[in-house]
Amino acid sequence: MTAVTCTDTDEAVHGIQDGSTVLVGGFGMAGMPVDLIDALIRQGAKDLTVVSNNAGNGDTGLAALLAKGRVRKVICSFPRQTDSWVFDELYRAGRIELEVVPQGNLAERMRAAGAGIGAFYCPTGAGTLLAEGKETREIDGRTYVLEYPIKGDVALIGAHRADRMGNLVYRKTARNFGPVMATAATTVIAQVREIVETGTLDPETVVTPSIYVDRVVQEAARA
């Protein structure tokens, strides 16, 4: 499978529907596909469910999408940081839903979606508010909570390089959730710093194979 190389980010996000579940890569701003998010704002899709590690930082990227009122629900691990004022204001006003998921569970639920796993038991969150209403089971004397996969209609991820087929290489902490999100969504769109010719990348450095990637776009040059 060969990914489509898009001429710009507006082409890359074309067709994202209202009500979609959108997986957004990034650990804070590391690996955040800001150019794709800006294009999604211009595209106009609304009533979105966004799955990400954070609920936005400052006024850019995911926070800008929230500020436009396009997101109905956020599923994340860390909704509040010192610079999460956009989400804070929306949540306190009752204008956005929140599902908090422990970070490891968040990654594993998306990995389960990509691996075709129907559900799994995990001890994280057992005995806390996060486990309320969920099925539990005692295994080897420890309480486990049943968790279900998180699937996305679309994944917006950031990578360092792609080749013309769509194989992806990440850089350091910007790798974070990108690989699991790429396996868990129906349509995967990657923003990269550089697109190189097929055969240029060392196969041993490819983390996300092209079979998972549908569209690739080169990000705008930074000043």
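Predicted model only: the values in this text are computed from it and were never measured.
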Short question: side chain of Asn167, backbone of Val206 - any donor-acceptor pair under 3.5 Å?
no
With a cut-off of 6.0 Å (strictly less than), are more than 12 heavy atoms of other residues, nucleotides or ligands near CD1 of Ile211?
no
Please name the pair of heavy atoms, one in Arg161 and one in Val196, separated by the smallest distance, quoted to 0.1 Å.
CD-CG1, 4.3 Å
Hey, does the side chain of Asn54 reach the backbone of Ser77 with a donor-acceptor pair shorter than 3.5 angstrom?
no
Rounded to the nearest 0.5 angstrom, the CZ-CG distance for Arg164 and Leu201 is 11.5 Å
Over all heavy atoms of both residues, which pair between Arg215 and His14 is shortest? Give the atoms and the distance, please.
NH1-O, 2.9 Å
Assigning hydrophobic clusters by single linkage (Ile, Leu, Val, Met, Phe, Trp, Tyr; side-chain heavy-atom cutoff under 4.5 Å), is Val101 placed with Tyr148?
no
Check: Gln81 and Asn57 side chains under 4.5 Å, non-hydrogen atoms:
yes
Minimum-distance pair of heavy atoms, taken over all atoms of Leu36 and Ile189
CD1-O, 3.6 Å
Do you reckon Val71 sits in the same ILVMFWY cluster as Ile41, going by side-chain contacts under 4.5 Å, direct or chained?
yes
Flag the pair Leu40 / Ile16 as yes when at least one side-chain heavy-atom distance between them is below 4.5 Å, and no otherwise.
yes
If we ignore angles and hydrogens, is there a donor and acceptor under 3.5 Å between the side chains of Asn53 and Gln103?
yes
In Å and rounded to the nearest 0.5 Å, what is the CG to CH2 distance from Asp83 to Trp85?
5.5 Å
Under 3.5 Å: donor-acceptor pair, side chain of Asp35, backbone of Glu219:
no
With a 4.5 Å heavy-atom cut-off, do His160 and Arg175 have their side chains touching?
no
Check the pair Leu156, Val188 against side-chain contact (heavy atoms from CB on, under 4.5 Å), reporting the backbone distance first and the verdict last.
CA-CA 6 Å; Leu156 305 181; Val188 177; over 6 Å; no
Excluding sequence neighbours, so at least two apart, what forms salt bridge (Lys or Arg N to Asp or Glu O under 4.0 Å) with Lys46?
Asp18
Is there side-chain contact between Leu98 and Cys76, with heavy atoms separated by less than 4.5 Å?
yes
Please determine whether residues Leu106 and Ile157 belong to a single hydrophobic cluster, defined as Ile, Leu, Val, Met, Phe, Trp and Tyr linked transitively by side-chain heavy-atom distances below 4.5 Å.
yes
What heavy-atom pair brings Cys6 and Val217 nearest, and what distance separates the two atoms?
O-CG2, 3.9 Å
To the closest 0.5 Å, what do you measure between CZ (Arg111) and CZ (Phe120)?
8.0 Å
Heavy-atom side-chain proximity of Thr124 to Pro102 below 4.5 angstrom:
yes
side-chain contact (heavy atoms from CB on, under 4.5 Å) between Thr21 and Lys151, intermediate numbers included
CA-CA 8 Å; Thr21 296; Lys151 302 176 182 179; over 6 Å; no
Please determine whether residues Met110 and Val145 belong to a single hydrophobic cluster, defined as Ile, Leu, Val, Met, Phe, Trp and Tyr linked transitively by side-chain heavy-atom distances below 4.5 Å.
no
Interatomic spacing from OH in Tyr91 to CD1 in Ile96 - rounded to 0.5 Å:
10.5 Å
List the steps and the verdict of side-chain contact (heavy atoms from CB on, under 4.5 Å) for Leu146 and Thr136.
CA-CA 6 Å; Leu146 184 64; Thr136 61; over 6 Å; no
Hey, quick one: are Val86 and Met32 part of the same hydrophobic cluster, counting side-chain heavy atoms closer than 4.5 Å, chains of contacts allowed?
yes
For the residue pair Thr208 / Tyr170, report whether a side-chain donor-acceptor contact shorter than 3.5 Å exists.
yes
Less than 4.5 Å apart, side chain to side chain, heavy atoms only: is that true for Asp153 and Val22?
no
Heavy-atom donor-acceptor pair, Glu11 side chain to Thr7 backbone, under 3.5 Å
yes
Is there a donor-acceptor pair closer than 3.5 Å between any side-chain N or O of Asp8 and the backbone N or O of Asp10?
yes
Whether over 12 other heavy atoms sit under 6.0 Å from Tyr144 OH:
yes
Given side chains that start at C-beta, do those of Val51 and Phe177 come closer than 4.5 Å, heavy atoms only?
no
Nearest heavy-atom neighbours spanning Leu62 and Ile37
N-CD1, 3.7 Å
Taking Thr128 for its side chain and Leu130 for its backbone only, find out whether a donor-acceptor pair lies under 3.5 Å.
yes
Walk me through whether Asp163 and Thr200 qualify under side-chain contact (heavy atoms from CB on, under 4.5 Å).
CA-CA 7 Å; Asp163 63 16; Thr200 303; 6.0 Å; no
For Pro79 against Asp88, the heavy-atom pair lying closest together:
O-OD1, 4.4 Å
What is the distance from atom NZ of Lys73 to atom CG of Leu48, rounded to the nearest 0.5 Å?
13.5 Å
I need the Thr60 OG1 to Leu65 CG distance, nearest 0.5 Å.
12.0 Å
By salt bridge (Lys or Arg N to Asp or Glu O under 4.0 Å), which residues pair with Glu97, not counting sequence neighbours?
Arg72
Is there a side-chain contact between Met29 and Val34 in this structure, where contact means two heavy atoms from C-beta onward sitting under 4.5 Å apart?
yes
Pair Arg109 + Glu99, salt bridge at N-O below 4.0 Å
yes
Spell out, as yes or no, whether a donor-acceptor pair under 3.5 Å connects the side chain of Ser52 to the backbone of Val24.
yes
